[in-house]
Each structure stands twice: as C-alpha cells, then as structure tokens.
Asks: 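Dropping the structure in here first, questions after.
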Amino acid sequence: MLARVTSCATQGIQGLFVEVEADLGAGLPTFSIVGLPDAAVRESRERVLAALRNCGFEFPARKITVNLAPAHVRKEGARFDLPIAVALLLASGQIPRGAALTEGVFVGELALDGTLRGVRGILAVLAAAKREGRGPVWIPQENAREARAIGGVPFQALGSLRELRGDEVPGEVPRGGAPGVEGAATPRLTPPDLAEVRGQVVARRALEVAAAGGHNILFVGPPGSGKTMLAKRLPGILPPLRREESVEVSTIHSVAGRLPPGAGLILDPPFRAPHHTISDAGLVGGGRGPVPGEVSLAHRGVLFLDELPEFHRNGLEALRQPLEEGYVSIARVGGATVFPAAFSLVAAMNPCPCGYRGDARRVCRCAPDAAGRYWAKVSGPILDRIDLILEVPAVPMEDLFPGEPGEPSAAVRGRVVSARALAAERASGEGRNAALTARDLERVAPLDPEARQLVRRAADAFQITARGVVRIRRVARTIADLAPSDRVRPEHVAEALQYRMPAGTL
C-alpha cells in the first residue's frame, strides 16, 4: 500500500516542494526514512508513532518505508512530521483519500500528544504554493496569522492531528486573507523621535540625507556625543514598507525563525544592532542550512554596527558584496544560497582608542600612532563603500538643557517620502538613489562644468576613488531631491563633499 503527499522545504527564502511517499510492505515491522534526512527528520519516527497512538489512530505494524524526494536535497527540521503522519494514515486507509489531502501541501511539527507546533518559513511555503498554483496548504494553527499575509492561497490551520479523524475530512478549505486584512500584521512600535536629539545639526541633516537616498553613513565622535541615539532614530524617518517589501522582509524573518509566535507581516523597516562579538556567519548568514544573517534580517531597513573597528575583520570584509550588490551569496558543497541584503548601514566609532582625539574638553591619552592603527582595523574598501562619513562632536552643555524642541521625526519623514517619490518616478524603481549606477547618474544627475570641476578638485585633494566619486554624485542627487531641484547644482555637490571627509582628517 502506497500513498503520496506533498510537503515543502525552504532554500534561501524560496519554497522547495518535497514529495513524501509512504509504503506499507510485508515483513517485520520497521520504520525507515530515506531521502537524505537530517537527525531531526529521522527523529520524526518517534514523534509520529506517539502522536498517532495518542490521537486514537492505529500505527501500522508493517514494514514502513518513507521516502522524501528529491533525494539529492538535504531535508532538515521537524516540518516533515505532519506530511509523514498523513501519508501513513492515507496508506493504511484510516482517513479517506480526498482531493484536499492528496493534492494538499503539509507542513508542521508534531508533539507527542498529536498537537501541532509552528514551524519557520511558512511565508515561503505559501508563496511557493501560490506561485505554482498548489493547495490547499495544511499548517499549524500557530502559523495561521502569518499565513494570512499571502492572499489568495487556500490553507487549513490544524491544532491537532485529531482533527483528521472521522468519516469526512474538510473538503472546502478557506482561502488565505486578502492583502491588508485586519490582524494580518504585527503591531507597530513607536520608534524614538528625532526631536529628542539635542544639537548635532549637521548629523541630523546627514541622517535625513541617508534616509532619503538609502545611503550608508558612518558617525565618528567621542563617547556620549549621540552617535547611537542618532542611529536608533533613523527607522523613524524611513518610509513605511510597501506591500511587496513587507512580504519579502517578513519571509526572511520567518525563514530565520525570528517572527514571534502568532505574528503577521512586518510593516516597518527593521532595525538590527548586533554586538561586535557576533560571528561571521551570524552577521552575513551561514550555517549548515544556511540561514539568514543580520545583514538579511536588516533587508529594507537599517543595520547598525556600533564600535565598528571592534567587529571581526573577516565579518566586516564579508560586507563588501551586500553593500555593493544588495544581496549575499553563501556557497556550500551542495550549491549557493542567495539571501536579499539591501539595507542602509549606520556605523559608529570613536576617533581613537580612548575616544577623545580632537575633543576640546578632554585630553587624548593615546600614543601618536594609536589612532592610525585603530582606523586600520576598518579596511579602505569598506570605508569606500560608505557614502557619508562625518564627525559627531560632543554636544555643548548648554544644548543639553530643555529649550526649543528639535524637529520631530514626522516632519523629516515627510520630506524623505517626497524625495523618494521623486527618485522612484525618475528611475521607475524603488526610490533609492544609493542604488543608481554610473550610467544612471549620467542620465538623472548630470553635472554642469562648475560642479564637475568641484568634484575633480576634491577627488585630487583627498584621493577619492572612482567608487567614491560615484557615491558623492549619488548623495548630491539625493540632496537635490530634498531641495527639491531637477538639476544637481554646485551647492548640492558641495554639501555631499562635506559628508565624505577621509578618515585621516577626522
């Protein structure tokens, strides 16, 4: 007796359908699982056996062979518990072979009492089912709210394997929620307000430019100057995620297992701030799976690296590809996995090991060459990929006391949204000037002779690379959009240049 059902694994953030075959043959009672399963999949035998018995089903006393195809793809995790149990019940005739079961897609982990536990990557499973026109998708009740985020996909949420008992299995499976349905999103959190920042007029302006163009920014200043405070307020001035961006970001977090139980779509740009002791795989992604790292969890949002020189050198160097290309490719023996990683980098560091080089109120205690060695921990290619590098001096004491409040985040966000709308209309894209190529800049941000001469003199004086010149032009285009101005004028280029001072001058 043979039965087949369909399950779904994840590769990167894409769903990969897996056929689960259960054969009940003659011979001594055994239970074997083939098809390149990992340890968690092999342990399904014990969970499925206990779950079937505790739900009132009969465990077949036959020679049981379960095959997971395609056999060359490694199967990982407990998501195959439910499809294995359903295939056994169909093969033994304990539940009817209706279309909802034989044509369905099953994903879920079983507890020993037969209840279903949530699994990660449900959004990728639903997206794959929608793309391939498959369904219904049978999932744990815990993942139901997450599943409603993908509209137009029929799914059935199960709380327990007991719900499959009886003469009739549900034939009509409700379709997933339409886009924007009530309760399909995670609750929004109120980000810190930019009005709380005292002083730092130049840094506030640079933060607005970074938000408007999706640029990378590095704050350099002594301890307590407000670098971290500024970074945490960047998400509050970013535009909200569009529907397709929200689904993409939520899928990454779902695959990584970072969505809280019962959560729906992520509506706001994510903010990730890993500690400098993070491993290379934790930062850029990896593992046996592999799974997304912090750069992918920050996709469409902000990655904040405080104390930049203290991060592992290999981890920082691995940021080159995502900073330039917007994705990270993780190569393994079985192939390469690609994760999206289009984020805005906000980094912060001190000007020297003690932190007080150039501070008017404190004396630097570092050796003469200590600052150079400190800056050397961050390679030139990484600094070259940062669009805005500026000094954040200590705030004068008189600016710290209550006075006239600063401009709130809502007002700044309005200008940022308008600037991105102009960029999106001009480039027919997502509105991030940071993604413009050199060819695009010749079309959307041509320089007049005066502005071109200004860039040339600055490049010669500060030894700015060709990549650096491109980034200066991108920032100048963003400043023009904030003005707003159709053309990139010399004053826009001059402001962009002041945000790209070389490390040796800070």
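Only heavy atoms go into these numbers, but all of them, side chains included; no hydrogens, no water, no symmetry mates. This structure is a prediction, so every number in the text was calculated from the model and none was measured.
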Asks: Name all residues meeting the salt bridge (charged side-chain N to carboxylate O under 4.0 Å, His left out) criterion together with D481; count only those two or more places apart in sequence or in a different chain, and write none if there are none.
Replies: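 With sequence neighbours excluded, D481 shows a salt bridge (charged side-chain N to carboxylate O under 4.0 Å, His left out) to R426, R477, given in chain and number order.
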
Asks: Assess the side chains of S485 and H492: does a donor N or O sit below 3.5 Å from an acceptor N or O?
Replies: no

Asks: With F304 as reference, evaluate L345, L234, V346, L230 under the side chain to side chain contact (heavy atoms under 4.5 Å, CB included) test and give the passing residue.
Replies: V346

Asks: R474 side chain to A434 main-chain N or O, any donor-acceptor pair under 3.5 Å?
Replies: yes

Asks: Enter the distance from L218:CG to I389:CD1 here, rounded to the nearest 0.5 Å.
Replies: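 L218 atom CG to I389 atom CD1 measures 5.5 Å (nearest 0.5 Å).
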
Asks: Are any of the side-chain heavy atoms of Y499 and V202 separated by less than 4.5 Å?
Replies: yes

Asks: Compare all side-chain heavy atoms of R471 with those of N216 and state whether any distance is below 4.5 angstrom.
Replies: yes

Asks: Count the heavy atoms belonging to other residues, nucleotides or ligands that lie under 6.0 Å from CG of D486, then report whether that count exceeds 12.
Replies: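 Counting other residues, nucleotides and ligands, CG of D486 stays at 12 neighbours or fewer.
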
Asks: With a cut-off of under 6.0 Å to the ring centre and 45° to the axis, is R272 in cation-pi contact with F343?
Replies: no

Asks: Kindly give the heavy-atom pair with the smallest separation between Y356 and V363, and that separation in Å.
Replies: CB-O, 4.3 Å

Asks: Can a donor-acceptor pair be found, under 3.5 Å and without considering hydrogens, that links the side chain of W375 to the backbone of P351?
Replies: yes

Asks: Between the side chain of Q200 and the main-chain N/O of P393, is any donor-acceptor distance below 3.5 Å?
Replies: yes

Asks: Please check if atom CD in Q463 has more than 12 non-hydrogen atoms from other residues, nucleotides or ligands closer than 6.0 Å.
Replies: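 For Q463, atom CD is not crowded (no more than 12 foreign heavy atoms under 6.0 Å).
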
Asks: Other residues, nucleotides and ligands only: do more than 12 of their heavy atoms fall within 6.0 Å of CZ on R362?
Replies: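 No, the 6.0 Å shell around CZ holds no more than 12 heavy atoms from other groups.
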
Asks: Check step by step if side-chain contact (heavy atoms from CB on, under 4.5 Å) holds for R415 and E407.
Replies: CA-CA 12 Å; R415 295 195 296 269; E407 190 176 24; 2.6 Å; yes

Asks: Please report the interatomic distance OG1(T10) to CG(L123), rounded to the nearest 0.5 Å.
Replies: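 Rounded to the nearest 0.5 Å, the OG1-CG separation comes to 11.5 Å.
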
Asks: Taking the side chain as everything from C-beta on, heavy atoms only, tell me whether R443 gets closer than 4.5 Å to D440.
Replies: yes

Asks: Might you work through the side-chain contact (heavy atoms from CB on, under 4.5 Å) test for L265 and V247, ending with a clear yes or no?
Replies: CA-CA 6 Å; L265 283 183; V247 172; 4.1 Å; yes

Asks: Looking at S344 and V302, would you say the former's side chain and the latter's main chain have a donor-acceptor pair under 3.5 Å?
Replies: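 Not confirmed, S344 side chain does not pair with V302 backbone.
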
Asks: Would you check if F339 and I252 make a side-chain contact, meaning some heavy-atom pair closer than 4.5 Å?
Replies: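 F339 does not reach I252 side chain to side chain.
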
Asks: Do P223 and N350 come close enough that some side-chain heavy atom pair is under 4.5 Å?
Replies: yes

Asks: How many angstroms lie between CE in M229 and CG in L194, if you round to the nearest 0.5 Å?
Replies: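 Spacing of CE (M229) from CG (L194) equals 9.0 Å.
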
Asks: Decide yes or no on salt bridge (charged side-chain N to carboxylate O under 4.0 Å, His left out) for R473 and E442, but give the supporting numbers first.
Replies: CA-CA 10 Å; R473 295 183 63 184; E442 290 300 326; 2.8 Å; yes

Asks: Taking H253 for its side chain and L297 for its backbone only, find out whether a donor-acceptor pair lies under 3.5 Å.
Replies: yes

Asks: Between I479 and R205, is there a side-chain heavy-atom distance shorter than 4.5 Å?
Replies: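 When only atoms from C-beta onward are counted, I479 and R205 do touch, with a gap below 4.5 Å.
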
Asks: Return the minimal non-hydrogen interatomic distance between P235 and F271, and the atom names on each side.
Replies: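 Distance-wise, the nearest heavy atoms are CG-CD1, 3.5 Å.
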
Asks: Please report the interatomic distance OG(S246) to CZ(R300), rounded to the nearest 0.5 Å.
Replies: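 It is 11.5 Å, given to the nearest 0.5 Å.
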
Asks: Hey, is R120 close enough to E109 for a salt bridge, meaning N to O under 4.0 Å?
Replies: no

Asks: Would you say the side-chain atoms of H312 pair up with the backbone N or O of N314, donor to acceptor, closer than 3.5 Å?
Replies: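 Looks like no, no N/O pair under 3.5 Å.
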
Asks: Are any side-chain N or O atoms of D38 and backbone N or O atoms of R74, one a donor and one an acceptor, separated by less than 3.5 Å?
Replies: no

Asks: Once rounded to the nearest 0.5 Å, what's the spacing between atom CG of L207 and atom NE2 of H215?
Replies: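 Answer rounded to 0.5 Å: 12.0 Å.
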
Asks: Just so I know, are the side chains of D387 and V209 near enough to count as touching, which here means a heavy-atom distance under 4.5 Å?
Replies: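 No, side chains not in contact.
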
Asks: At their closest point, which heavy atom of L497 faces which heavy atom of A458, and how far apart are they?
Replies: CD2-CB, 3.6 Å

Asks: For R467, what residues pass the salt bridge (charged side-chain N to carboxylate O under 4.0 Å, His left out) criterion, not counting sequence neighbours?
Replies: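 If we apply the salt bridge (charged side-chain N to carboxylate O under 4.0 Å, His left out) test to R467, skipping adjacent residues, the hits are E324, D384.
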
Asks: When you compare the side chain of D193 with that of R233, does any pair of heavy atoms fall below 4.5 Å?
Replies: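 A side-chain contact under 4.5 Å is absent here.
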
Asks: Write down the atom of V105, the atom of R134, and the distance for their closest heavy-atom approach.
Replies: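 Distance-wise, the nearest heavy atoms are CG2-CB, 4.3 Å.
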
Asks: Minimum heavy-atom separation for V41 to G77, with atom names?
Replies: CG2-O, 3.2 Å

Asks: Can you pull the side-chain hydrogen bond (donor to acceptor under 3.5 Å, both in side chains) pairs that have at least one residue in residues 220-229, sequence neighbours excluded?
Replies: T228-D306

Asks: Between P140 and L116, what is the shortest heavy-atom contact and its length?
Replies: CB-CB, 4.0 Å

Asks: Rounded to the nearest 0.5 Å, what separation is found between the OG1 atom of T251 and the CD1 atom of I122?
Replies: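 T251 atom OG1 to I122 atom CD1 measures 11.0 Å (nearest 0.5 Å).
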
Asks: Taking atom CZ of R439 as the centre, does the number of heavy atoms from other residues, nucleotides or ligands within less than 6.0 Å exceed 12?
Replies: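 Open.
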
Asks: Dump the intermediate steps for side-chain contact (heavy atoms from CB on, under 4.5 Å) on D448 and R487, then the final yes or no.
Replies: CA-CA 9 Å; D448 56 30; R487 295 188 57 82; 4.2 Å; yes

Asks: Could you check K377 against E310 for side-chain contact (heavy atoms from CB on, under 4.5 Å), going step by step and ending with a plain yes or no?
Replies: CA-CA 8 Å; K377 293 181 179 180; E310 303 303 329; 3.9 Å; yes

Asks: In terms of side-chain heavy atoms, does S329 have a donor or acceptor partner in Q321 at a distance below 3.5 Å?
Replies: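 No, Q321 and S329 have no side-chain donor paired with an acceptor closer than 3.5 Å.
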
Asks: Distance-only, no hydrogens or angles: does the R500 side chain make a donor-acceptor pair with backbone N or O of I386 under 3.5 Å?
Replies: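 Yes: the side chain of R500 pairs with the backbone of I386.
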
Asks: Please confirm whether the backbone N or O of P340 pairs with a side-chain atom of S296, one donor and one acceptor, at under 3.5 Å?
Replies: yes

